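Chain identifiers are assigned alphabetically (A, B, ...) following the order of the sequence lines, protein sequences preceding nucleic acid strands; residue numbering begins at 1 within each chain. From a predicted model like this one, the values you see are computed outputs, not experimental measurements.
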Number of protein chains: 2
Amino acid sequence: MSPARPAPSSLDVVFAALSDPTRRAVVERLRLGPATMTELATPLAASLPALTKHLSVLQRAGLVATAKRGRQRYCTLTAAPLRDAAAWLAEYGAYWDERLGALTTYLKENP
Amino acid sequence: MSPARPAPSSLDVVFAALSDPTRRAVVERLRLGPATMTELATPLAASLPALTKHLSVLQRAGLVATAKRGRQRYCTLTAAPLRDAAAWLAEYGAYWDERLGALTTYLKENP
DNA sequence: ACAATACTTCACCACATGGTGAAGTGACAA
DNA sequence: TTGTCACTTCACCATGTGGTGAAGTATTGT
């Protein structure tokens, strides 16, 4: 991948963030409300260094916002990027309906 | 990641497959109908070795099926796994965005 | 003051990904 | 038969990921 990669789009990092089961579990947990790092780590049986890395990935994807309060770090969901990813996928919900039509068109144009 | 990783779930590989812009472009192109490897590679300015790798990722994710015909390889979308990913996202997106309520409804009514 | 708590940061390691150029394979065309 | 086309496979490389244990940094409790 050496030569001049373009800046990753938001879809890139969002989908990449969601490709890990631990991070999806974090998102699921945060749906119930904010949580600290140890509150996230304990039920997932994840170490704190590992969770710190996961959180930074989720943060880079814009899926999670954090705020330090005292010596604790509170994490909350910021789901706006999920909307973009879902919108991309939603087009393929429409794909199901138009599938036969597209195939028909294709066969008409490529006999 | 050394110690005993569990088998990746289908969501893992589907989201990972979608995290690359070239592969998303392949999916978008295949929405219009089947295509051969060179037909996919040319507009994306991708080399054939690179595209072969991308295709194997998409195939492992169950997003694309291929059939050899003569010396050409025809690729088609098999979008069933996209629905699982969309369903996962819809659950979390619908909480914030009305537009995704429509997707949730769609997935509920088209099981 | 001292110690515990809640994290973070720092090397590391193993492995997967995404790319390359060059060589190999099988089907078709001249 | 000979060559070309459509790919695939083969090293190889650079980078990113996900994990670890150990050490470091604040903040808080006693």
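- Atom CZ in Arg29(B) sits 5.5 Å away from atom CG in Leu32(B) (nearest 0.5 Å).
- Atom CD of Glu28(A) and atom CG of Leu77(A) lie 10.5 Å apart (nearest 0.5 Å).
- Summarising the geometry, atom OG1 belonging to Thr66(B) is positioned 13.0 Å from atom OH belonging to Tyr74(B); distances are rounded to the nearest 0.5 Å.
- Candidate nucleotides dG19(C), dT17(C), dT17(D) were compared by shortest atom distance to the side chain of His54(B), and dG19(C) ranks first.
- Separation of atoms OG1 (Thr22(A)) and CG (Leu58(A)) is listed at 10.0 Å; rounding is to 0.5 Å.
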Using a 4.0 Å heavy-atom cut-off to protein, can you give one letter per nucleotide of nucleotides 1-8 of chain D, 5' to 3': B if the base is in contact, S if only the sugar-phosphate is, - if neither? ---BBSBB
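- His54(A) contributes atom NE2, which lies 6.0 Å from atom CZ of Arg23(A) (distance to the nearest 0.5 angstrom).
- The distance from atom CG of Leu58(B) to atom C1' of dT17(C) is 13 Å, rounded to the nearest whole Å.
- Straight-line distance from the CD atom of Gln59(B) to the P atom of dT17(C): 15 Å, rounded to whole Å.
- Each of Thr22(A) and Arg69(A) has a nearest nucleotide on DNA chain D; the 5'-most of these lies closest to Thr22(A).
- Using a 4.0 Å heavy-atom criterion, one finds that Arg23(A) contacts the sugar-phosphate atoms exclusively.
- Distance Asp20(B) CG to dG19(C) C1': 11 Å, rounded to the nearest Å.
- Rounded to a whole Å, the CG atom of Leu55(A) is 10 Å from the P atom of dC7(C).
- The nearest whole Å value for the distance from the CG atom in Leu44(B) to the P atom in dG18(C) is 14 Å.
- Atom CG in Leu18(A) sits roughly 12 Å away from atom P in dG18(D) (whole-Å rounding).
- In this structure, Arg60(B) reaches the dT17(C) phosphate: one of its side-chain N or O atoms is under 4.0 Å from OP1 or OP2.
- Taking atom CG of Asp12(A) as the reference point, atom P of dG16(D) lies 14 Å away to the nearest angstrom.
- Here CG of Leu11(A) is found 9.0 Å from CG of Leu18(B). Values are rounded to the nearest 0.5 Å.
- A donor-acceptor pair is defined here as one N or O able to donate and one able to accept, closer than 3.5 Å; such a pair exists between the side chain of Ser56(B) and the backbone of Lys53(B).
- For Lys53(A) and dG16(D), the NZ to P distance is 13 Å, given to the nearest whole Å.
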